[in-house]
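These numbers come from a predicted model, not from an experiment.
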Amino acid sequence: MEIRSLLQYHQAYKNSVEDPEKFWGDLSKGFLWHQEPSKILDWDFKKPEVHWFSDGQLNITENCLDRHLIDKADQTAIIWEPNDPGEAAQHISYQQLFDRVCRFANVLKRHGLGKGDRICIYMPMVPELAIAVLACARIGAVHSVVFAGFSSTALADRINDAQCKMLITADGSFRGSKTIDLKGIADEALKRCSSVQHVVVFQRTKQDVSMEPGRDLWWHHEIEQVDSHCPAEVMNAEDLLFILYTSGSTGKPKGMVHTCGGYMVYTTFTFKTVFQYQPGDLYWCTADIGWITGHSYIVYGPLAAGATTLMFEGVPSYPDMGRFWEVVEKHQVNIFYTAPTAIRALQKADLSFVNKYDLSSLKTLGTVGEPINEEAWNWYNQNIGKDNCPIVDTWWQTETGGIMISPIAGVTPLKPTYATLPLPGVRLVLMDESGSVIEDNDVEGRLCIGFPWPSMARTIYGNHTRYRETYFSAYEGYYFTGDGCKRDQDGYYRITGRVDDVIIVSGHNLGTAEIESVIDEHEKVIETAVVGFPHDIKGNAIYAYAITREMVENEDQLRSEILSLVSETIGPIAKPDKIQFVPGLPKTRSGKIMRRILRKIASHEYEDLGDISTLLDPSIVEEIKKGVL
Ligand code: WT7
């Protein structure tokens with residue numbers, strides 16, 4: 001089904017709501033199944049339980065690879081652009097990708113891995129990362145990709161939570177001018193991970209690493225031991241495809257579980273629809289495969305759609321602030337999808353970094369990960385799109401698996417800073433704080449979803465109770481997103497930001513509780529409260545208020561100790577921008593920290609702190625204000 005006009009969009013939306021089973025059932029026919037589904041949807045948000053295509057059988061890699069070999073074997077599936085512009089790019093055809101995935105899948109099998117086993121992947125943005133992901137899916141193993149910027153502690157926690165049997169990593173990774181010792185970090189993590197039997201190490205940087213005999217295996221040796229014939233494991237539509245961790249309101253990250261059938265149908269449909277991908281287009285999503293954006297819109301969606309997808313190993317600022325635009329010109333990118341934080345950083349650089357390059361191949365631009373401010377939207381539109389490319393502002397979450405609210409490129413009339421309208425099948429509801437549905441337009445509320453969609457996360461790995469409590473208990477019968485949202489007079493949606501204890505920093509989802517519990521581990525700290533405050537590039541930055549055991553003699557020293565602790569325990573992305581040492585925190589009589597007050601102080605908005613008389617010790621607010629950074 002193609003949506004090429006606003007009329008078709010409205011018709012499709014109407015159909016999807018009136019008869020969801022027919023709508024998604026029809027769409028599922030565009031895929032290769034071992035057994036076509038006869039049951040389309042069973043659901044109950046009270047339990048909550050959702051099954052899509054539950055008697056269907058398939059393997060997602062046959063949809064991403066095998067079926068394209070008939071007419072696209074020589075078409076490029078992945079273009080890989082390395083960190084260093086001096087190194088040659090790779091063009092990998094569908095045939096080559098198929099062969100390499102099957103070969104690596106045989107490596108996994110040879111070491112005893114199979115359906116249902118969890119495999120952790122901790123790799124740089126090299127083609128082998130995509131190959132490892134697809135190889136897991138080929139044999140029915142469940143991949144858990146951990147972003148290669150996470151620390152050894154964060155890696156170990158994720159490996160242990162899913163009880164992974166294998167870790168796939170690399171010797172090191174190149175990021176801009178830095179080299180990161182991935183294998184060293186992995187070795188540190190593995191001291192705590194008894195479930196891991198083997199580690200496959202891809203050689204990227206060729207730096208010295210220690211290899212533990214019997215446990216550690218070189219990727220390049222392993223693939224020599226096997227051939228490239230590997231029939232796909234037949235999976236049930238509701239079998240696990242992957243686990244991906246995201247932050248939540250407690251210290252422990254949530255392993256969101258995605259399943260095979262619905263995820264495939266939804267990511268493929270939304271990829272084609274939102275970006276209006278046409279055969280021959282080159283599509284580039286700048287995300288890392290370590291995040292959901294990379295899973296859904298670098299690997300699975302584009303490959304299932306038979307597209308050519310570009311993978312970039314580097315960073316936007318290396319060797320200079322023109323790198324993105326250099327890559328666009330070099331490869332003649334048609335569709336470009338990035339994060340507002342990257343746009344804001346590039347906007348600060350001289351325009352000559354943009355104007356040096358010919359960007360005329362671009363026809364569609366996209367953003368994801370956080371609200372885009374009007375200034376960044378306009379800059380992107382004028383300087384990159386030359387006022388001639390629709391910008392799709394795509395709202396979604398790790399939990400939703402695919403894009404939920406977005407313009408359809410060239411179809412939906414745009415309004416800067418608005419994600420605009422829900423995609424077909426997405427039933428948005430705004431709630432007021434008392435839990436009543438807000439019906440009208442020109443209103444603001446909490447964003448909920450009233451009906452299942454095929455790519456929604458089915459549970460939190462090993463903790464269905466937490467899944468229910470986090471997403472389905474705030475408003476009974478609805479999935480609660482955690483976001484605030486406006487609906488304007490035209491029925492267009494604009495996300496206003498998180499209303500819970502998650503902070504989106506540079507498009508990364510960080511839980512305040514996770515950072516607090518790390519800082520609390522410092523021997524000099526008694527208690528911490530972490531909030532977000534506005535930052536002109538990162539969107540939000542982190543402000544930590546810490547109560548110390550005694551007067552701090554050397555504040556800078558303690559700050560740097562705390563920063564290293566956060567960096568080592570979670571990763572550099574979670575480092576607070578500001579740390580204020582305080583004598584106490586504003587708490588209610590029941591002991592709840594009033595973060596609203598702390599957020600205002602951190603943003604230097606002292607008027608209208610609201611009613612502070614209910615605080616246990618209202619005078620603490622003045623004390624905190626005095627020391628604000
Ligand atoms: C949170 C989800 C979706 C992949 C990347 C982030 C925020 C995401 C937008 C957007 C405003 C956005 C929301 C959401 N967010 N996209 N277009 N406009 N806010 O995935 O790490 O799971 O974070 O990112 O707050 O809840 P994630």
Side-chain angles (χ1 to χ4, degrees), residues 60-69 71-83 89-101 121 123-135 137-138 143 145 241-242 263-264 266-314 316 324 327-339 342 361-369 392 394 396 401-403 409 455:
I60 195 167
T61 69
E62 290 180 314
N63 285 276
C64 291
L65 301 169
D66 307 47
R67 67 171 170 156
H68 302 316
L69 300 183
D71 57 341
K72 295 191 173 79
D74 297 329
Q75 183 199 302
T76 303
I78 296 178
I79 295 182
W80 176 70
E81 172 67 24
N83 178 64
Q90 279 183 36
H91 291 247
I92 303 168
S93 70
Y94 270 96
Q95 182 70 53
Q96 290 164 333
L97 184 62
F98 170 80
D99 291 340
R100 290 171 71 176
V101 167
I121 303 177
M123 289 182 86
M125 279 286 283
V126 289
E128 286 72 12
L129 166 53
I131 291 167
V133 162
L134 292 163
R138 187 78 179 172
H143 55 77
V145 183
L241 175 62
F242 66 86
Y263 178 80
M264 170 181 75
Y266 194 83
T267 54
T268 312
F269 168 66
T270 51
F271 170 73
K272 289 190 200 164
T273 303
V274 167
F275 299 105
Q276 295 282 297
Y277 185 89
Q278 296 301 309
D281 282 347
L282 174 57
Y283 161 86
W284 179 18
C285 165
T286 69
D288 192 289
I289 292 176
W291 310 113
I292 191 70
T293 309
H295 283 60
S296 303
Y297 299 111
I298 295 179
V299 181
Y300 288 115
L303 294 178
T308 303
T309 173
L310 191 147
M311 253 182 97
F312 175 47
E313 183 185 29
F324 273 2
V327 174
V328 168
E329 178 187 281
K330 175 175 171 191
H331 295 291
Q332 295 287 293
V333 172
N334 306 113
I335 304 171
F336 178 74
Y337 187 30
T338 196
S361 60
L362 289 173
K363 53 181 197 183
T364 299
L365 303 176
T367 68
V368 59
V392 292
T394 64
W396 56 298
I403 298 169
S455 65

For T293, the side-chain hydrogen bond (donor to acceptor under 3.5 Å, both in side chains) test, sequence neighbours excluded, returns none

What distance separates L365 CG from N334 CG, expressed to the nearest 0.5 Å?
-> 11.5 Å

A77 and L97: which non-hydrogen atoms are nearest, and at how many Å?
-> CB-CD2, 3.9 Å

One should read off an interatomic distance between L241 CG and Y300 OH, to the nearest 0.5 angstrom, of 4.0 Å

Where is the tightest heavy-atom contact between T76 and Y94, given as atom of each residue plus distance?
-> O-CE1, 4.0 Å

Distance in Å, Y263 OH paired with T268 OG1, rounded so as to fall on 0.5 Å steps = 9.0 Å

Between CG on residue N83 and CE on residue M125, distance to nearest 0.5 Å | 11.5 Å

Close side-chain approach of Q75 to H68, heavy-atom, < 4.5 Å = no

At their closest point, which heavy atom of T364 faces which heavy atom of A409, and how far apart are they?
-> CG2-CB, 3.7 Å

Pairing residues for F271 by the ring-ring contact (aromatic ring centres under 6.0 Å, His included) criterion, not counting sequence neighbours | F275, Y277, Y283

Heavy-atom donor-acceptor pair, R67 side chain to G306 backbone, under 3.5 Å | no

Check: T267/S296 side-chain N/O donor and acceptor closer than 3.5 Å | no

Less than 4.5 Å apart, any side-chain heavy atom of V145 and any of L129?
-> yes

Decide yes or no on side chain to side chain contact (heavy atoms under 4.5 Å, CB included) for L134 and L303, but give the supporting numbers first.
-> CA-CA 10 Å; L134 292 163; L303 294 178; 3.8 Å; yes

Shortest non-hydrogen contact from M311 to V126?
-> CE-O, 3.0 Å

So the salt bridge (Lys or Arg N to Asp or Glu O under 4.0 Å) pairs with at least one residue in residues 280-295 (sequence neighbours excluded) are D281-K363

Where do V368 and W396 come nearest, in terms of heavy atoms and distance?
-> CG2-NE1, 3.2 Å

Which residues share a ring-ring contact (aromatic ring centres under 6.0 Å, His included) with H295, sequence neighbours left out = H143, F242

Spacing of L65 atom CG and K72 atom NZ [to the nearest 0.5 Å] = 12.0 Å

Tell me yes or no: between the side chains of H331 and E81, is some donor less than 3.5 Å from an acceptor?
-> yes

Point-to-point distance, once rounded to the nearest 0.5 Å, from CG of L310 to CD1 of I335 = 12.0 Å

Applying side chain to side chain contact (heavy atoms under 4.5 Å, CB included), run through R138 and D66 and close with a yes or a no.
-> CA-CA 11 Å; R138 187 78 179 172; D66 307 47; 2.8 Å; yes

Polar side chain donor-acceptor pair, Y297 to T394, under 3.5 angstrom | no

Closest contact, heavy atoms only, S361 versus Q332 | OG-C, 3.4 Å

Who are the ring-ring contact (aromatic ring centres under 6.0 Å, His included) partners of W284, not counting sequence neighbours?
-> F312, F324, F336

Looking at residues at least two apart in the chain, or sitting in another chain, which of them share a side chain to side chain contact (heavy atoms under 4.5 Å, CB included) with Q96?
-> I92, S93

